[in-house]
Structures are given as C-alpha cells and as structure tokens.
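Reviewing the structure listed below.
Labels below follow one simple rule: chain letters A, B, ... track the order of the sequence lines, proteins then strands, and each chain is numbered from 1.
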There are 4 protein chains.
Amino acid sequence: MRTKDGEKQRALFEATIRVVNELGFASSSVSKIAKSAGISPSTLYIYHKNKEDLLVSTYVEVKREMGAAMAGCFDESLPVRDILRKVWFVLLQCACARPDHYRYAEQFSNSPYLELVDQEELERHFRPLLEVVQRGIERKIIKDVGRPLLKAFLFHPIPFLANAWLREGRPMTEAEMETSFTMAWDAIRL
Amino acid sequence: MRTKDGEKQRALFEATIRVVNELGFASSSVSKIAKSAGISPSTLYIYHKNKEDLLVSTYVEVKREMGAAMAGCFDESLPVRDILRKVWFVLLQCACARPDHYRYAEQFSNSPYLELVDQEELERHFRPLLEVVQRGIERKIIKDVGRPLLKAFLFHPIPFLANAWLREGRPMTEAEMETSFTMAWDAIRL
Amino acid sequence: MRTKDGEKQRALFEATIRVVNELGFASSSVSKIAKSAGISPSTLYIYHKNKEDLLVSTYVEVKREMGAAMAGCFDESLPVRDILRKVWFVLLQCACARPDHYRYAEQFSNSPYLELVDQEELERHFRPLLEVVQRGIERKIIKDVGRPLLKAFLFHPIPFLANAWLREGRPMTEAEMETSFTMAWDAIRL
Amino acid sequence: MRTKDGEKQRALFEATIRVVNELGFASSSVSKIAKSAGISPSTLYIYHKNKEDLLVSTYVEVKREMGAAMAGCFDESLPVRDILRKVWFVLLQCACARPDHYRYAEQFSNSPYLELVDQEELERHFRPLLEVVQRGIERKIIKDVGRPLLKAFLFHPIPFLANAWLREGRPMTEAEMETSFTMAWDAIRL
DNA sequence: AATGAATGAGATTTCATTCAT
DNA sequence: TATGAATGAAATCTCATTCAT
C-alpha cells in the first residue's frame with residue numbers, strides 16, 4: 001500500500017496559487033492546476049474532494065501561514081505600537097517575498113468563494129494580534145472605532161501595497177516600510 | 001457589433017454585475033449573463049465583441065460612474081481637507097447605495113483582467129482628485145509619500161468598508177462616515 | 001433564426017433505443033447516442049435537459065406508440081374476448097416488428113429509472129383497454145383478482161414472447177400467436 | 001484472483017445486488033460496490049477478474065440459490081399439478097423474502113450481460129422442474145406448446161408479481177398465492 | 001436588430017484497473 | 001491477503017461563439 005505523498009500535496013498547493021495568479025479564477029481549470037503540479041487530474045481528487053475544496057483549502061493554508069509568520073515575531077513584552085510595527089514589517093516582508101500567496105488570498109477574498117470559509121476559524125490564527133489591538137484600545141492608545149474600521153486601515157492596505165511594489169518591479173525599501181506603517185498607525189492611534 | 005438599443009445595453013451592464021457578484025468570475029458565463037439581462041446570448045454579441053469586451057467595458061463603465069459621482073460634488077473653492085472629505089462621503093454613499101458595482105470593481109481589479117484596461121484612461125476620471133491631492137502635498141498639508149501609499153489609505157479602504165457594512169446588514173451612520181474619513185485623513189495628513 | 005429539427009428529434013429517439021439495446025444501460029453514453037444519431041453531443045442538450053431526460057422521454061414515447069398501436073385496432077362493438085384477442089395480436093406484431101422498442105421498454109422498466117416516470121400518465125394511454133377488462137370482470141367473464149395479477153398474465157408475457165422468438169431468429173406464426181393468446185385468456189377468464 | 005475469505009465473498013455478493021438495485025447498472029461502479037461491501041476496490045480484484053465477472057457470477061449465484069430453493073421442496077411422488085404448485089409457492093415466497101435478488105436477476109436478464117452466461121448451465125439447476133413439465137405434457141395434462149410459451153406463463157410472472165406486491169408494501173396472502181398459481185395453471189393446463 | 005439552433009473545445013469528475021507496500 | 005495511491009480513458013455537461021433566418 002502506498003502512502004499519501006506530502007510532496008504532491010505541497011506541489012498542488014503551489015500550483016493552485018501559480019495558476020490562479022496567472023489566469024485568474026475564470027480560466028483556472030483543475031486540469032491546468034494538476035498539470036502544473038505534475039500530477040494527473042484524477043490524482044488531484046485523492047487529495048481534494050472537488051475543485052471548490054482545492055481552492056478553499058489553498059486559501060485557508062495561505063492564511064494559516066500568514067498567521068504563523070505573524071505569531072513567530074510576536075513579543076508581548078513590547079509596547080503596543082512596537083508590536084504592531086513588528087507585525088506590519090513581517091507581514092509586508094512576507095507579502096513581498098511571496099506576493100503570489102497574497103495575491104491569491106486577495107483574489108479569493110474578493111470572490112464569492114469566501115462565503116465557503118469559516119471566518120471564525122480563520123480569525124483564530126490572528127487572535128493574539130486582535131488582543132493587542134484590544135489592549136491598545138483599553139489603554140486609550142488606539143481609537144475605539146470597531147473592528148472593521150481598524151482592519152481597513154491596519155491590515156487591508158498590506159497586500160495592496162505589496163502588489164503595488166510588485167508591479168513596480170522593485171522591493172520596498174526599509175524607509176518605505178517605515179513610512180507606510182506610520183500612516184497606518186496615524187490612522188488608528190488616538 | 002452594431003450598437004442600438006440603450007435599454008438593452010443597460011440591462012446587460014446590470015446583469016453582468018449581478019451575475020458576477022453572485023457567481024464569481026469562475027462561474028459567470030455569457031449565457032447566464034444574457035439570460036439575466038433578458039436577451040439572447042447571440043444578441044449580446046451585437047453589443048460586445050466577446051466575453052472579455054463585456055467584462056472589461058462593464059468595469060470601465062463602473063469606474064466612469066464613480067468618477068462622475070465624484071466630479072459632481074467637486075468644489076475647488078474649498079480647502080483641501082474639505083474637498084477630500086466631501087469626496088469621501090460621496091464615494092462611501094455610492095459604495096453603500098450600489099455595493100454590487102463596487103464589489104464588481106473589486107473582483108475585477110483583483111483579477112488578471114485588469115491588465116486589459118488602459119490605466120491611464122481610467123485615471124483621467126479621477127484627475128481633478130489627484131490634482132487636489134497634489135496641491136495638498138505642495139502646501140505641506142499631505143505627506144509626500146508617492147501615489148500608491150496615498151491610494152492605499154485614501155481610496156482603497158472605501159469598498160472594503162462598504163462591504164463590511166453591507167455584511168452587517170445596516171447602513172453606515174453619518175458619525176461612522178465621519179470617523180472613517182478622520183482615520184483616512186490622519187493617515188495621509190502631515 | 002433556425003427552427004428545431006423534427007428529424008433530429010426522431011434520429012435521437014431511434015439512436016437511444018439502438019445504442020441501449022446494443023450496449024445496455026451500463027455502457028450507453030450520451031456521446032455514443034449522439035454519434036449514432038449523427039449529431040454533436042452538445043446538440044443533444046438542446047433537445048434534452050440531461051441524460052436522464054433523454055432516457056425517460058424515450059421510454060415514454062415508446063409507451064405512447066404502443067398505446068397508439070393498440071388504440072388503432074380498438075373495436076368497442078366486439079365481445080370482450082375478441083377485443084382482447086385483437087389487441088394481443090397487434091401488440092405481439094408490434095413487439096415482433098420493432099423488437100428493439102420493446103426490449104428498450106423492458107430494460108427501462110426493470111431499472112431504477114422507472115421511478116422517474118409518472119405511472120398515472122402512462123396508464124392513460126391504455127385506459128380503454130383497462131375499461132374493457134373491467135367490463136369483463138363485471139360480466140363475470142374475467143376473474144376478479146385485481147389489476148397486478150391480470151397484468152402479469154395478460155400483458156407481461158408479450159415482450160417476453162417477442163424476445164424469445166427474436167432470439168430464435170424467425171417470426172411468430174399465426175398459429176403460435178393464437179396459442180399464446182389462448183393461454184393468456186385461459187389464465188384470466190372465469 | 002486468489003480466493004480466500006468466504007465472508008468477504010458473501011459481502012460482495014450482497015453488496016453487488018444492493019447497489020445495482022439501488023442505482024441500476026448504469027450507475028453502479030466497482031468502487032461503490034466495494035465500499036458497500038466494506039472492502040477496498042483493489043481487494044475486489046482478488047475475488048473477481050473484473051467488473052463483468054463480478055456481475056455475471058452474482059447473477060449465476062442468484063440463479064443457483066433459486067434452483068436450490070426449488071430443489072429443496074421437490075417431492076417427485078406427488079401429482080404434476082401439486083409439484084408445480086409447491087414450486088410456485090416456494091419461488092413466490094423466495095421472491096418476496098429476497099426481492100432484491102429477484103430484481104437483480106430481472107435487471108440482469110434484460111440486459112446484454114445475459115449473453116455472457118452459459119444458458120445450458122443455468123438450466124441445469126431447473127432440470128427436475130423441466131422434467132416434471134415434460135411428464136405433464138406426455139400425460140396430456142399440460143399443453144404441448146414449446147418451452148418459451150410455458151416459461152412465459154409459468155415462471156416469468158413470478159418476479160413481476162413479487163415486485164408488484166413489494167411496491168404495495170405488504171406481503172402476498174396465502175389466498176393471493178393460490179389465486180396466482182391457479183391462473184398460471186389455467187394458462188398451461190390442457 | 002434579434003434570436004434559437006448548432007457545435008468543437010474544454011470543463012469537472014468518475015471509472016475500471018494496476019501499482020507498490 | 002489486503003489496500004490506499006495512482007492514472008489514462010472516458011463520462012456528463014457547459015462554454016463561447018457562429019449560423020441561418
């Protein structure tokens with residue numbers, strides 16, 4: 001009896017992102033993704049129930065990895081602003097290092113597929129971050145304006161910026177990162 | 001493609017947005033859009049060269065209408081902040097009034113279709129706005145950080161916020177609009 | 001605008017019966033049927049919603065034609081036995097003339113597809129026949145044993161017999177038909 | 001194909017009947033049957049050369065069991081009519097007790113698969129019965145009309161009747177069995 | 001201008017079967 | 001013996017587009 005191949009699983013994950021970024025959801029077919037992963041389309045169905053499952057679990061995995069990257073740089077002992085600054089830098093660096101992952105997440109979360117994902121579960125990956133923000137609110141450092149508004153200025157700009165620099169074809173400089181965080185912080189701080 | 005019936009043209013425009021929002025680009029077909037517009041798929045080809053042309057020109061039209069809405073509220077005699085505040089309110093109101101148009105634009109601009117659109121031409125609709133921003137920079141009122149960063153905090157949040165409130169099922173209050181603009185302004189002002 | 005082609009409709013009907021008889025339900029595919037009808041598989045979907053609809057409506061049409069053949073030979077003025085005898089002969093002749101139609105009906109009605117058909121509607125085609133049987137019961141000519149038992153001996157044997165002779169490769173003689181009807185009649189008469 | 005586990009063999013036999021009855025030949029796949037039997041599709045190939053072999057040997061086994069049930073009630077010392085009556089009752093009871101086995105046999109024998117079965121060998125199971133019928137013919141008790149006609153009225157109705165009662169959801173009463181046999185007997189007796 | 005009919009290409013998915021353990 | 005992994009072939013059905021009226 002053969003055993004499920006972790007390498008194939010990963011190849012599928014990367015291929016999905018690659019193909020969707022290149023062709024968009026409209027033209028991404030299961031066969032193209034399978035071919036890009038170097039496996040047979042039928043083999044894909046051993047790893048995923050159907051196309052939807054492939055796309056959704058790819059999204060969830062991207063989000064999980066983003067959450068992990070963030071968690072890895074978390075230092076609760078720092079002041080609120082410094083924690084957020086560090087996270088901002090890490091996320092921006094990730095977005096620039098793996099812009100395709102971020103672009104995939106953007107495409108996905110702007111499509112009706114998003115409704116198939118359990119939002120609660122996704123947020124769990126970012127729980128510590130949300131708690132820091134909450135602490136900032138309680139200490140009157142951050143505006144008490146509800147989560148959507150804070151999201152809109154603190155997280156939402158990140159992939160957009162990564163994308164913009166990607167299109168310019170050069171990496172973001174340290175100074176540009178600093179500037180961008182300052183803008184986000186100015187938006188949310190009291 | 002021999003243009004004629006304005007009513008059908010409009011029906012197609014709305015149907016495209018409706019269907020793409022409901023099904024996503026992945027599952028939106030020419031036939032479904034035609035059916036939703038109450039015309040035959042063959043008739044659609046009188047108005048549009050092909051599917052791509054349909055999707056692209058729908059996007060351009062959405063952007064044009066957004067530009068027009070903005071232009072309609074433009075009062076050059078006001079101070080920079082007040083101009084931007086007015087525009088922000090109008091765009092947010094539009095986004096809340098026709099969230100589907102905005103959602104369509106979001107989906108479209110996160111897809112590879114975007115590359116088919118002449119960005120220069122699109123920006124023309126927003127020229128006056130960009131000039132006001134430029135004036136703010138020159139007068140040391142707005143941070144001089146390049147267009148992408150300003151876009152990221154001044155325009156990009158708008159459809160995201162409209163979407164967030166749409167999901168909550170209630171309209172944005174005047175106070176919430178004021179708060180959100182304040183955040184955007186805090187982000188970009190010097 | 002082209003108009004739906006009655007010839008194609010008929011070709012599909014015959015092709016369905018032909019292919020299913022040759023290969024059985026297990027190996028009959030939409031493509032094979034379309035090819036056998038001389039049309040493209042996609043064209044088939046203009047005439048039938050899906051495979052199921054194709055198979056079901058083919059069955060219904062076969063039954064309708066059987067009903068029509070029977071109705072055409074119906075002479076209410078004759079005694080009960082003579083009416084049934086005439087019907088028996090006509091149905092046997094039909095079954096022998098178009099054995100594929102009958103074989104199709106047999107295969108179909110022994111498959112779970114049968115449950116998709118409105119039995120009430122089917123029986124309508126045979127209403128006059130059922131009424132004659134009823135009359136026979138009332139006049140104490142035919143056993144009053146319920147419809148299933150009468151069906152089992154009066155109609156059910158017909159395609160079986162047609163099939164048997166088909167396999168022998170020769171037509172049924174007049175005498176054999178007479179004998180077979182006598183047996184059916186002996187079974188149901190009082 | 002290296003036979004071994006009798007329990008699995010039986011589970012496969014029952015699963016084949018179950019699945020085919022539920023889904024029909026058209027939709028019954030090896031994997032579905034294997035899953036329904038609680039084994040892996042690969043294991044199935046230890047017991048059967050291929051799908052065809054699975055279906056055919058299931059049919060043969062059903063027939064063998066029917067023959068055995070009949071043989072078990074056979075009392076050569078009785079008069080011809082009484083032997084046939086006993087057999088009729090037993091077969092009807094079997095058909096009602098295991099309607100799925102009979103339904104499977106019906107589906108199978110109305111499909112082109114039937115041609116893969118050695119008819120001679122099948123008939124061997126029913127040899128004693130056929131000899132009794134022959135004796136009846138010689139003693140001028142039964143019509144001398146050839147085997148197909150006798151089959152059509154003496155055996156063919158049985159699964160049809162079992163099916164009809166199955167659909168009504170209640171078992172056949174003793175009286176109904178008596179009536180049905182009387183009809184069969186009336187059909188074939190001189 | 002408008003549209004139902006028509007279709008080749010291609011979509012997603014399942015199948016029967018073999019492989020490797 | 002037993003089985004999960006693997007796959008080429010083929011299934012059903014939809015698509016974007018053109019044809020013919």
Side-chain angles (χ1 to χ4, degrees), chain A residues 1-5 8-9 26-34 38-55, chain B residues 1-5 7-9 26-35 38-55, chain C residues 1-6 8-9 26-34 38-55, chain D residues 1-5 8-9 26-35 38-55:
Chain A
M1 184 186 94
R2 288 193 221 161
T3 170
K4 234 181 223 169
D5 190 338
K8 268 179 195 142
Q9 191 111 5
S27 313
S28 296
S29 75
V30 168
S31 340
K32 286 172 189 161
I33 292 172
I39 64 171
S40 153
S42 5
T43 306
L44 188 150
Y45 283 86
I46 294 171
Y47 293 84
H48 296 280
K49 208 168 91 265
N50 51 32
K51 187 186 188 182
E52 187 182 293
D53 179 58
L54 171 68
L55 299 177
Chain B
M1 179 184 149
R2 293 162 275 175
T3 311
K4 194 63 184 289
D5 188 337
E7 216 170 309
K8 274 185 187 131
Q9 187 107 1
S27 311
S28 295
S29 75
V30 170
S31 338
K32 284 174 190 161
I33 293 172
K35 175 181 277 186
I39 66 170
S40 154
S42 346
T43 307
L44 188 150
Y45 283 84
I46 295 170
Y47 294 85
H48 295 279
K49 205 168 91 257
N50 52 30
K51 190 187 187 182
E52 189 181 290
D53 178 57
L54 171 68
L55 298 177
Chain C
M1 187 187 94
R2 288 194 220 161
T3 171
K4 234 181 224 169
D5 190 338
K8 269 178 193 140
Q9 190 110 6
S27 313
S28 295
S29 75
V30 169
S31 341
K32 285 172 191 161
I33 292 172
I39 64 171
S40 152
S42 5
T43 307
L44 187 151
Y45 284 85
I46 294 171
Y47 293 84
H48 296 281
K49 209 167 91 263
N50 50 32
K51 190 188 187 181
E52 186 181 294
D53 179 57
L54 171 68
L55 298 177
Chain D
M1 181 184 148
R2 294 164 274 175
T3 312
K4 193 63 182 290
D5 188 337
K8 274 183 187 134
Q9 187 108 0
S27 310
S28 295
S29 75
V30 170
S31 339
K32 284 174 190 161
I33 292 171
K35 175 180 279 185
I39 65 170
S40 155
S42 347
T43 307
L44 187 151
Y45 283 84
I46 295 169
Y47 294 84
H48 295 279
K49 207 169 90 254
N50 52 30
K51 190 188 187 182
E52 189 181 290
D53 178 57
L54 171 68
L55 298 177

Partner set under side chain to side chain donor-acceptor pair (under 3.5 Å) for A/Asp5, not counting sequence neighbours: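 Expected list: none.
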Which residues share a side chain to side chain donor-acceptor pair (under 3.5 Å) with C/Ser42, sequence neighbours left out: C/Ser40
Pair partner, E/dA1 [Watson-Crick or wobble, under 3.5 Å]: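 Here E/dA1 is not engaged in any pair, so there is no nucleotide opposite it.
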Opposite nucleotide pairing with E/dA20, Watson-Crick or G-U, both atom distances under 3.5 Å: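 Per the H-bond distance test, F/dT3.
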Contact state string [nucleotides 12-18 of chain F, B base, S sugar-phosphate only, - no protein heavy atom under 4.0 Å]: BBBBSBB
Minimum side-chain heavy-atom gap D/Ile33-D/Lys51 below 4.5 Å: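 When only atoms from C-beta onward are counted, D/Lys51 and D/Ile33 do not touch, as no gap falls below 4.5 Å.
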Ignoring backbone atoms, test whether [X] places a side-chain nitrogen or oxygen under 4.0 Å from the OP1 or OP2 oxygen of [N].
X: C/Thr43; N: E/dT7; result: yes
X: B/Lys8; N: E/dA2; result: yes
X: C/Tyr47; N: E/dA6; result: yes

Roughly how many Å is it from [atom1] in [X] to [atom2] in [N], rounded to a whole number?
X: C/Leu44; N: E/dA5; atom1: CG; atom2: P; answer: 14 Å
X: A/Ile33; N: E/dT13; atom1: CD1; atom2: C1'; answer: 14 Å
X: B/Gln9; N: E/dA2; atom1: CD; atom2: C1'; answer: 15 Å
X: C/Lys4; N: E/dT3; atom1: NZ; atom2: C1'; answer: 14 Å
X: B/Ile46; N: E/dA2; atom1: CD1; atom2: C1'; answer: 5 Å

Least distance between heavy atoms, C/Pro41 atom then C/Ser31 atom: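 Heavy atoms of C/Pro41 and C/Ser31 come nearest at CG-CA, 4.3 Å.
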Distance in Å, C/Tyr47 OH paired with C/Asp53 CG, rounded so as to fall on 0.5 Å steps: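 Separation between the atoms: 14.0 Å.
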Exam field: side chain A/Lys4 to backbone A/Gln9, donor-acceptor pair closer than 3.5 Å: no
